[in-house]
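Since the structure comes first, as structure tokens, the remarks are kept for the end.
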Amino acid sequence: MKNKHYILLLSFLIFVFVGCNKKNIETVPVTSSSDSLSTYFSLANDFSLDSGKRLLFTQKAFNIVMDQENDSLNRVNLFKVANRYYNINNYKEFNNTVNLVLSNSEDAQDTLNIIKAYTYLGDYYDSQSVMDSSFQFYYKAEKMAENLGDNFSLSKILMNKANLQFKAGDYFGAEKSVFSVLRTIKGEKQSNNISYDAYNLLGVIYVEFGEYENAITYHNKALLISDDKAIPEVFQSTATSYNNIGFLYLNSKKYLLAKEYYQKGLQQKNLLIQKPHLYAMLLDNLAYSKFKLKETEGLPKLFYQSLKLRDSLQLADGMFISKVHLSEYFASKGDSIKALQYSKEALLLARSTNSSRDILLGLKNQAVIQPENAAVYTKEYIQINEKLQKAERTMGDKFSRIEYETDKIKTENSSLEVQNRNLVYLFSALAILGLFLYILKSQKTKNRELLYKQQQQKANEDIYNLMISQQNTIETSRVKEKKRVAQELHDGVLGRMFGVRMNLDGLNGLKDEMAVNQRVNYLSELKNIEQDIREISHDLNREKSELINNFVAIVDNLFEEQRKTFQSKLVSTIDSRIKWELMANSVKINLFRIIQESFQNINKYANADCIIVELKRQGDDLLLVISDNGVGFNSNLKRKGIGIQNMLSRTKECNGIFSIKSKKGEGTVIMVTLPIEQKQLQILI
């Protein structure tokens, strides 16, 4: 029973030591341009401070690192933050930080840091006793390190895996992994740190096998390199080796040698500050070796000192061992009350932590302290022991299955990677070919559109020129008519005026009443002639203004045709301020076509009683507004009719703005805004 107890104690020691060994506590400040970051990192690793203050400094360092760009230095700093969370047992923030740096490393395709992140996640699940997940992450990291050829990283990962296997009771698997570590680091420089861990774990494994000669051989190898400068002083590797060798001798019942090694371990400098849990363990082991040697000096004070320190550190496993030892001590002294008290407390603590090994040891101790209930405790012991052995075998099988399935997935992924690569090449070639064909077809379409527009433009010009020619014929006739009117004015009105003037001259010498009356009549005639001339002049000027530009006449003809052909009332207004001569012929053509297309749509679909057309000037723009009181339609529909599309296209050609507003039962309003001097405007639909 005692031997099994110490085996469990050593298992816990190795787990704690190796876990801490994994998380290097840097003695050199962080390389950073920020003095505050370096200071926070150093203070977060100051073991003389309480954990609350170290957590505060770690969080401050994390806040600074989070503001940095995702580069190699940033990822190094994130790992250092994770280390400090680990060192204060804040596993939740440790896990969050590691997952963050894993994501950043994957984004940057940083293989080395991906390997490191997988290793840290393995440590996290190990700390949470989720062994299969821990093993899976270690194995992923192992395979990536193998492919990369990074032997130093590979050896550390294998060491972590070996410790996990040992903790799970897979001792043969752990032994195999440790020898893989030693083969991997053979010839590597600065490998003493890992060599120490490997020799130390082999010594512990051989104690489990009962091979004490092999165990002491490897423990001595570890002790020889424990003071190597490559191993940080804070690891207290020498004190750890002394404790493990002491355990070996305690297990082989050489209590005096065990006591000597425990005393050597306690003499190591700064042990209490740097590794208080190891200090507490050495105190308890020294007390127990003294108890076995029947030495009463310092007992039970040493047991109490260890228990108090473990309680302050919240080390449940250590408190369990201390209480079992106190139970044995008081039982040997005949104090059954205290013996039973500590035995019950130990068993209760083991049950609260759900540690099967501790529960087994607690049940054995209870059976010794309470022999009257030994049968009950023994029965429960057998049941739990069977479950534990089955669980250890299952875990070993699960480790093997994880390795097999991971390798299988890796092989399948490799095959899929080749297939995917070939598919990528094929699809890329097809995409390039499709893009080439699309560009070729698009270019042909653009050429056809350009040719069509050129032809349409020429046709528009021909139509306009024809309309201008027709209008010129009309204008010629009007000019002839004006000449005729002018001749009549000259021959008629001027003749009348000449006759009146001559008669007035003849009456200048007469002063009788008859002459006066005739003179009045002739003056009245002159006024009538003057009025006739004024009216004729006004009519001629108005006609001239209307005919300044032939486009107005063309549009007027379109309006007259609309009025004659359809029953709907047409009200038209053309602003006389519009400078038609500033507008290009192509713009006038498109404007005419827009009005024409609007009339066609109204006549065909609107069923309107009244149409209003306004051509007016707004600043430097020409505004065309065509409204009707017809049936209307839903103007929010994405798909527009061909007529509206044509009007939109013509407006766009003139650098104008086209808008249409309509609702069912509320008529339609079309508004076109064109720059008179064709300045570039945005086109809105």
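A side-chain contact (heavy atoms from CB on, under 4.5 Å) with M319 is found for one member of L313, D311, L309 and no other, namely D311.
The closest side-chain heavy-atom distance from N90 to Q59 is not below 4.5 Å.
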Using side-chain contact (heavy atoms from CB on, under 4.5 Å), reason through N99 and L121 one step at a time and then give a plain yes or no.
CA-CA 8 Å; N99 277 293; L121 286 174; 3.9 Å; yes

Going through the distances and angles, do L49 and D46 end up as a side-chain contact (heavy atoms from CB on, under 4.5 Å)?
CA-CA 6 Å; L49 299 175; D46 187 349; 3.9 Å; yes

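Distance alone, capped at 3.5 Å, is enough to place a donor-acceptor pair between the N220 side chain and the I216 backbone. The backbone N or O of K323 lies less than 3.5 Å from no partner atom in the side chain of S327, so there is not a single donor-acceptor pair.
No more than 12 heavy atoms of other residues, nucleotides or ligands sit less than 6.0 Å from atom CD1 of I273. More than 12 heavy-atom neighbours from other residues, nucleotides or ligands sit within 6.0 angstrom of NZ on K264. Taking a 6.0 Å sphere around CZ of F209, one finds it holds more than 12 heavy atoms contributed by other residues, nucleotides or ligands.
A distance of 6.0 Å or more separates the ring centres of Y262 and Y242. Ring pair Y249/Y255: centre-to-centre distance not below 6.0 Å.
Residues passing the side chain to side chain contact (heavy atoms under 4.5 Å, CB included) test with N89 are Y91, sequence neighbours excluded.
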